[in-house]
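Data block below; observations after.
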Amino acid sequence: FRFRNYSLKTRLSLLFLILVGSISLFILIYVPSFLEQQAYGAIVNKVQTLTKLTALSISPELLFHDNEEMENDLSGLKLNPNVKYIIVIEDSYKVFASYNPHVVIDVDYKNSSYELFSYMDELIYKTDAPIYHDRKLIGHIYLGYSLSQLQEQVWESRKTITVVCLILF
């Protein structure tokens, strides 16, 4: 392959094609993973904040063993289709309230050695928060949040970026 035998116009066109191809390849590899990391970080922060706020709001119900008010406080979370399980445990390790207990058992909610768990072809992010009343630990809340919507959004962005890169190249 002799590069010198081609005209200046052909050589510049070839160099420009290699440059555009390299930029497209970089965008195709780097941007989707960067967007995925950003989206995952945002979801994790959202779910952790949601769990901590819920722990704060349900502490009186747990302290006074008010099941009816606990159900009212947790009803908003239960309406969220991404919330896969909720479990509220007293400091004596007795379950006080739960939502989707069959999922809770399958995901080993107490094991904090991993945050992500696959359940029925769905990736679930696990988080928990202590429940305090007057600086005294009175229980824990565990929450499982589905990442399927996030995965769909990441997949769509990957497809869009791939199409844009192919058009550029």
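What you see is a predicted model, and the numbers here were worked out from it, not measured in a lab.
Residues passing the side chain to side chain contact (heavy atoms under 4.5 Å, CB included) test with N100, sequence neighbours excluded: Y85, H102, V103. For Q151, the side chain to side chain donor-acceptor pair (under 3.5 Å) test picks out no residue, with sequence neighbours left out. In this structure, E152 has no salt bridge (charged side-chain N to carboxylate O under 4.0 Å, His left out) partners at least two apart in sequence or on a different chain. Partners of F26 according to the ring pair (Phe, Tyr, Trp, His ring centres under 6.0 Å) rule, which considers only residues two or more places apart in sequence or in another chain, are Y30. For F96, the ring pair (Phe, Tyr, Trp, His ring centres under 6.0 Å) partners at least two apart in sequence or on another chain are H65. Legend: residues meeting salt bridge (charged side-chain N to carboxylate O under 4.0 Å, His left out) with E69, ordered by chain and number and at least two apart, are absent. Not a single side chain to side chain donor-acceptor pair (under 3.5 Å) links Q38 to another residue, sequence neighbours left out. Residues meeting the side chain to side chain donor-acceptor pair (under 3.5 Å) test with Q153, sequence neighbours left out: none.
L166 and I29 fall into different hydrophobic clusters, defined by Ile, Leu, Val, Met, Phe, Trp and Tyr side-chain heavy atoms under 4.5 Å apart, directly or through other members. V31 and L25 fall into different hydrophobic clusters, defined by Ile, Leu, Val, Met, Phe, Trp and Tyr side-chain heavy atoms under 4.5 Å apart, directly or through other members. L123 and V83 fall within the same hydrophobic cluster, defined by Ile, Leu, Val, Met, Phe, Trp and Tyr side-chain heavy atoms under 4.5 Å apart, directly or through other members.
To the nearest 0.5 Å, atom CD1 of residue I141 and atom CG of residue L50 are 8.0 Å apart. Summarising the geometry, atom OG belonging to S148 is positioned 15.5 Å from atom CH2 belonging to W155; distances are rounded to the nearest 0.5 Å. Atom-to-atom distance recorded for L147:CG and I124:CD1 is 8.5 Å, nearest 0.5 angstrom. A distance of 8.5 Å separates CD1 of I131 from CG of L137, quoted to the nearest 0.5 Å. Distance check: Y145 OH to I86 CD1 gives 12.0 Å after rounding to the nearest 0.5 Å. One distance of note links OG of S98 with CD1 of I87; it measures 5.5 Å at 0.5 Å rounding.
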**Message:** Please determine whether side-chain contact (heavy atoms from CB on, under 4.5 Å) holds for the pair L35 and V154, giving the CA-CA distance in whole Å, both sets of side-chain angles, and the decisive distance to 0.1 Å.
**Reply:** CA-CA 8 Å; L35 290 175; V154 167; over 6 Å; no
**Message:** Go through it in stages, so that I can follow the logic: the residues are T54 and T51, the test is side-chain hydrogen bond (donor to acceptor under 3.5 Å, both in side chains), and I'd like the CA-CA distance, side-chain angles, deciding distance and then a yes or no.
**Reply:** CA-CA 5 Å; T54 303; T51 306; over 6 Å; no
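Contacts classified as side chain to side chain donor-acceptor pair (under 3.5 Å) and involving residues 129-138 (residues at least two apart or in different chains) are not found. Applying the salt bridge (charged side-chain N to carboxylate O under 4.0 Å, His left out) test to pairs two or more places apart or on separate chains, none has a residue in residues 87-98. For residues 37-61, no residue pair satisfies the ring pair (Phe, Tyr, Trp, His ring centres under 6.0 Å) rule, not counting sequence neighbours. A salt bridge (charged side-chain N to carboxylate O under 4.0 Å, His left out) check over residues 24-53, counting only residues at least two apart or in different chains, returns the pairs E36-R158.
Heavy-atom contacts from other residues, nucleotides or ligands closer than 6.0 Å to CD of E71 number more than 12.
The heavy-atom pair separating Y125 from Q48 by the smallest distance is OH-NE2, 2.9 Å. Nearest heavy-atom pair, L62 versus I138, reported as atom, atom and distance to 0.1 Å: CD2-O, 3.5 Å. Counting all heavy atoms, side chain and backbone alike, D73 lies closest to S57 at OD2-O, 3.3 Å. In terms of heavy atoms, A39 sits closest to L150 at CB-CD1, 3.2 Å. The two residues K84 and S146 have their closest heavy-atom pair at CE-CB, 3.5 Å.
Side-chain contact between S22 and I18: present, with at least one pair of heavy atoms (C-beta onward) separated by less than 4.5 Å. Using a 4.5 Å heavy-atom cutoff, the side chains of V88 and L74 are in contact. Counting heavy atoms from C-beta on, the side chains of V47 and L143 come closer than 4.5 Å.
In terms of modelled atom types and a separation under 3.5 Å, the side chain of S24 and the main chain of G21 share no donor-acceptor contact. Between the side chain of T160 and the backbone N or O of E156 there is at least one donor-acceptor pair closer than 3.5 Å.
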